[in-house]
Amino acid sequence: MKNLAIKILSWFLVLLVGGCVDPYRPPEVASPNSYLVVNGFFDSAPGAPTTIRLSRTQNLADTKAPTVETKAIVTIESQNKAVYTLAEGTAGTYTLAGVTPQTGENYRLHIRTAKGVEYFSAYVPVIQTPPIDSISWRKENNGVQINVNTHDPTNNTRYYRWEFDETWEYYSAYTSTYELINNELVSRALQVDQCWSNASSTNIMTTSTTRLSQDVVSQFPLTFIPGSSIKLGVKYSILVRQFALSQTGFDYYDQLAKITQNIGSIFDPQPSQITGNLYCATNSNELVLGFFRVGSVVTKRLFISRSQIPDYRAITGYESCTTDTLTLAEIRKDQPAVITMYDMTRYLTTSTFCVDCRLRGGVIKRPDFWQ
């Protein structure tokens with residue numbers, strides 16, 4: 001009885017202590033402060049337009065889309081006093097065309113908001129990005145590992161960053177040749193069984209060759225695709241963008257990656273304030289997020305066809321699709337998708353999801369670059 005009483009008392013204390021714990025909500029989560037976010041760079045490729053996007057931060061409890069910064073005056077200034085003004089097109093997006101930065105010159109970004117708050121970046125040099133040597137891939141761990149290779153023969157780059165866009169082709173479970181319009185079956189005017197979908201990289205990917213005798217990046221891992229992914233079902237393509245960075249730029253992105261991607265355990269870096277090369281001239285205590293750089297970006301595209309990985313079986317999401325045979329009267333009543341004529345009085349039918357690939361988020365317009 002004594003042991004039983006002790007156990008009951010112990011459980012009571014656990015419940016009492018648990019009931020006294022309040023969720024910790026740091027002030028920053030609900031902070032009303034909204035800081036400027038700057039995204040973009042001065043493109044040094046001849047004839048390439050420059051785009052700078054301005055938006056505002058929001059607290060974690062806010063479910064609305066981030067607010068864009070409109071009606072700002074955005075200029076790029078050289079140390080030799082040349083000034084180039086960007087024009088606002090889409091709200092919060094500012095562009096400059098017909099201006100190419102000159103190698104050997106330094107430039108800074110200058111922003112004056114509609115409320116009169118001014119922001120500047122540090123002056124930064126023009127950094128040209130070396131070409132991508134190749135994008136390689138190999139089968140491993142029941143999937144496909146995609147890597148990038150590059151080098152700078154002058155040994156001057158040393159700091160690199162990458163982004164990528166993925167595109168993949170896929171088909172619906174069935175091809176529909178008829179559709180119901182005004183309660184009549186007519187030949188389908190639009191082919192909806194072949195689609196292309198896309199996604200972009202979300203992680204920050206950087207590396208440095210400062211510890212190597214040669215400025216060579218070999219087999220840097222970009223992404224891994226499981227063999228069961230729908231991306232590998234028909235044909236897959238990846239467009240890789242490569243950026244050369246200064247050491248300051250590399251440190252910024254490297255720190256940003258550490259505190260945004262390596263979280264979840266007690267051994268990961270603790271959250272901290274990240275400072276780029278932008279500052280508020282009106283109020284030195286106000287934060288501004290982003291990093292302004294001047295230079296080029298190089299791209300390279302890779303295709304992987306299904307015939308190159310015949311031993312992988314993609315899970316398409318259409319595995320549960322089934323068919324039925326219905327009369328025209330039943331089709332008018334139930335409104336299924338019609339695949340084709342089954343016999344003189346019935347049609348082969350299925351769900352709309354199983355014939356219209358757009359319902360998986362893709363588009364039926366073939367990309368211009370598709371091979």
Student: Looking at Phe369, is Arg301 sitting on its ring face, NZ or CZ under 6.0 Å from the six-membered ring centre and within 45 degrees of the normal?
Tutor: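 Verdict for Phe369: a cation-pi partner in Arg301.
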
Student: Less than 3.5 Å apart, any donor N or O on the side chain of Asp193 or Thr175 sitting next to an acceptor on the other?
Tutor: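 Per modelled atom types, Asp193 and Thr175 side chains form a pair under 3.5 Å.
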
Student: Any non-hydrogen side-chain atom of Asn39 less than 4.5 Å from a side-chain atom of Ile52?
Tutor: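 No, every pair of side-chain atoms sits at 4.5 Å or beyond.
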
Student: Below 4.0 angstrom, N of the basic side chain to O of the carboxylate: do Asp152 and Arg158 qualify?
Tutor: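 Salt bridge between Asp152 and Arg158, a charged N being under 4.0 Å from a carboxylate O: no.
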
Student: Should Thr95 and Thr50 be marked as a side chain to side chain contact (heavy atoms under 4.5 Å, CB included) after you check the CA-CA gap, both sets of side-chain angles, and the distance that decides it?
Tutor: CA-CA 5 Å; Thr95 58; Thr50 289; over 6 Å; no

Student: A quick test of your reading: do over 12 heavy atoms of other residues, nucleotides or ligands sit less than 6.0 Å from OH of Tyr342?
Tutor: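 Incorrect, the count does not exceed 12.
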
Student: For Glu118 and Thr282, which I'm curious about, is there any donor-acceptor pair between the side chains at under 3.5 Å?
Tutor: no

Student: Quick one: do the Ser176 and Arg188 side chains pair a donor with an acceptor below 3.5 Å?
Tutor: yes

Student: Heavy atoms only: give me the nearest Ile364-Cys357 pair and the separation to one decimal.
Tutor: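 Between these two residues, the closest heavy atoms are CG2-SG, 4.2 Å.
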
Student: Side chains of Gln214 and His151: do they bring a donor and an acceptor to under 3.5 Å?
Tutor: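 Side chains of Gln214 and His151: no pair found under 3.5 Å.
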
Student: Of all the heavy-atom pairs spanning Gln128 and Ser44, show the shortest one and how long it is.
Tutor: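 Gln128 and Ser44 have their closest heavy atoms at OE1-OG, 3.2 Å.
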
Student: Under 4.5 Å between side-chain heavy atoms, counting indirect links through other Ile/Leu/Val/Met/Phe/Trp/Tyr residues: same cluster for Leu36 and Leu287 or not?
Tutor: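 Different hydrophobic clusters.
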
Student: Between Tyr178 and Tyr347, what is the ring plane arrangement, given parallel below 30°, perpendicular above 60°, and tilted in between?
Tutor: perpendicular

Student: Under a 4.0 Å threshold between the charged nitrogen and the carboxylate oxygen, would Arg366 count as salt-bridged to Glu169?
Tutor: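 Arg366 and Glu169: not salt-bridged.
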
Student: So does Ser34 get a backbone contact from the side chain of Arg56, meaning a donor-acceptor N/O pair under 3.5 Å?
Tutor: yes

Student: Under 4.0 Å between a side-chain nitrogen and a carboxylate oxygen: does that hold for Arg161 and Glu163?
Tutor: yes

Student: Under 4.5 Å between side-chain heavy atoms, hopping through other hydrophobics if needed: is there a path connecting Leu326 to Ile339?
Tutor: no

Student: Could you check whether any side-chain N or O of Ser296 sits under 3.5 Å from a backbone N or O of Thr129, counting only pairs where one atom can act as donor and the other as acceptor?
Tutor: yes

Student: Just by distance, with hydrogens left out, do Thr154 and Asn156 show a side-chain donor and acceptor under 3.5 Å apart?
Tutor: yes

Student: Does anything in residues 223-232 form a side-chain hydrogen bond (donor to acceptor under 3.5 Å, both in side chains)? List the pairs, not counting sequence neighbours.
Tutor: Glu166-Lys231

Student: What side-chain donor-acceptor pairs closer than 3.5 Å can you find for residues 245-253, not counting sequence neighbours?
Tutor:
{"unit_1": "Ser246", "atom_1": "OG", "unit_2": "Gly249", "atom_2": "N", "d": "3.1"}
{"unit_1": "Tyr252", "atom_1": "OH", "unit_2": "Gly290", "atom_2": "N", "d": "3.4"}

Student: If we count only N and O atoms by modelled type, under 3.5 Å, do the side chains of Thr150 and Gln242 hold a donor and an acceptor together?
Tutor: yes

Student: Will you find, in the side chains of Asn80 and Tyr107, an N or O donor that is under 3.5 Å from an N or O acceptor?
Tutor: no

Student: From the options Val37, Thr67, Val74, Val68, select the one residue that forms a side chain to side chain contact (heavy atoms under 4.5 Å, CB included) with Leu54.
Tutor: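 That would be Val74; it is the only one of Val37, Thr67, Val74, Val68 passing the side chain to side chain contact (heavy atoms under 4.5 Å, CB included) with Leu54.
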
Student: Evaluate the criterion salt bridge (Lys or Arg N to Asp or Glu O under 4.0 Å) for residue pair Asp311 and Lys139; output intermediate values, then yes/no.
Tutor: CA-CA 10 Å; Asp311 47 334; Lys139 294 192 294 183; 3.2 Å; yes

Student: To check you understand the geometry: which heavy-atom pair defines the closest contact between Trp370 and Ser237, and what is its length?
Tutor: CZ3-CB, 3.7 Å

Student: Within 45° of the axis and under 6.0 Å from the centre of the six-membered ring of Phe120, does NZ or CZ of Arg112 qualify?
Tutor: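 That pair does not qualify as a cation-pi contact.
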
Student: Could you tell me whether the side chains of Asn198 and Thr167 share a donor-acceptor contact shorter than 3.5 Å?
Tutor: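 No, no side-chain donor-acceptor contact under 3.5 Å.
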
Student: When you group the ILVMFWY residues by side-chain heavy-atom contacts below 4.5 Å and let the links chain together, are Leu185 and Met341 in the same group?
Tutor: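 Yes, same cluster.
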
Student: Side chains of Thr349 and Asp324: any donor to acceptor distance under 3.5 Å?
Tutor: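 Absent: no donor and acceptor within the cut-off.
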
Student: Does CG belonging to Leu328 count more than 12 external heavy atoms closer than 6.0 Å?
Tutor: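 Correct, the count exceeds 12.
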
Student: Could you tell me whether the side chains of Ser305 and Ser307 share a donor-acceptor contact shorter than 3.5 Å?
Tutor: no

Student: Which heavy atom of Val298 sits nearest a heavy atom of Pro131, and at what distance?
Tutor: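 Answer, listing the atom of Val298 first, then Pro131: CG2-CA, 4.2 Å.
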
Student: What pairs with Asn285 under side chain to side chain contact (heavy atoms under 4.5 Å, CB included), at least two apart in sequence or on another chain?
Tutor: Asn283

Student: Between Phe353 and Leu359, what is the shortest heavy-atom contact and its length?
Tutor: CA-CD1, 3.6 Å

Student: Judged by modelled atom types alone, do Glu286 and Tyr279 share a side-chain donor-acceptor pair under 3.5 Å?
Tutor: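 Checked: Glu286/Tyr279 side chains show no N/O donor-acceptor pair below 3.5 Å.
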
Student: Name all pairs fulfilling the ring-ring contact (aromatic ring centres under 6.0 Å, His included) condition that reach into residues 205-232, sequence neighbours left out, sorted by first residue then second.
Tutor: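 Non-adjacent pairs meeting ring-ring contact (aromatic ring centres under 6.0 Å, His included): Trp162-Phe220.
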
Student: Quick check on the 6.0 Å ring-centre criterion: do Tyr170 and Trp196 meet it?
Tutor: no

Student: Distance alone, cut at 3.5 Å: any donor-acceptor contact between the side chains of Tyr171 and Gln194?
Tutor: yes

Student: Applying side chain to side chain contact (heavy atoms under 4.5 Å, CB included), can you list everything that pairs with Ser200, at least two apart in sequence or on another chain?
Tutor: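 For Ser200, the residues satisfying side chain to side chain contact (heavy atoms under 4.5 Å, CB included) (neighbours in sequence not counted) are Asp165.
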
Student: Got a sec, which residues hit ring pair (Phe, Tyr, Trp, His ring centres under 6.0 Å) with Tyr236, two or more places apart in sequence or on another chain?
Tutor: none

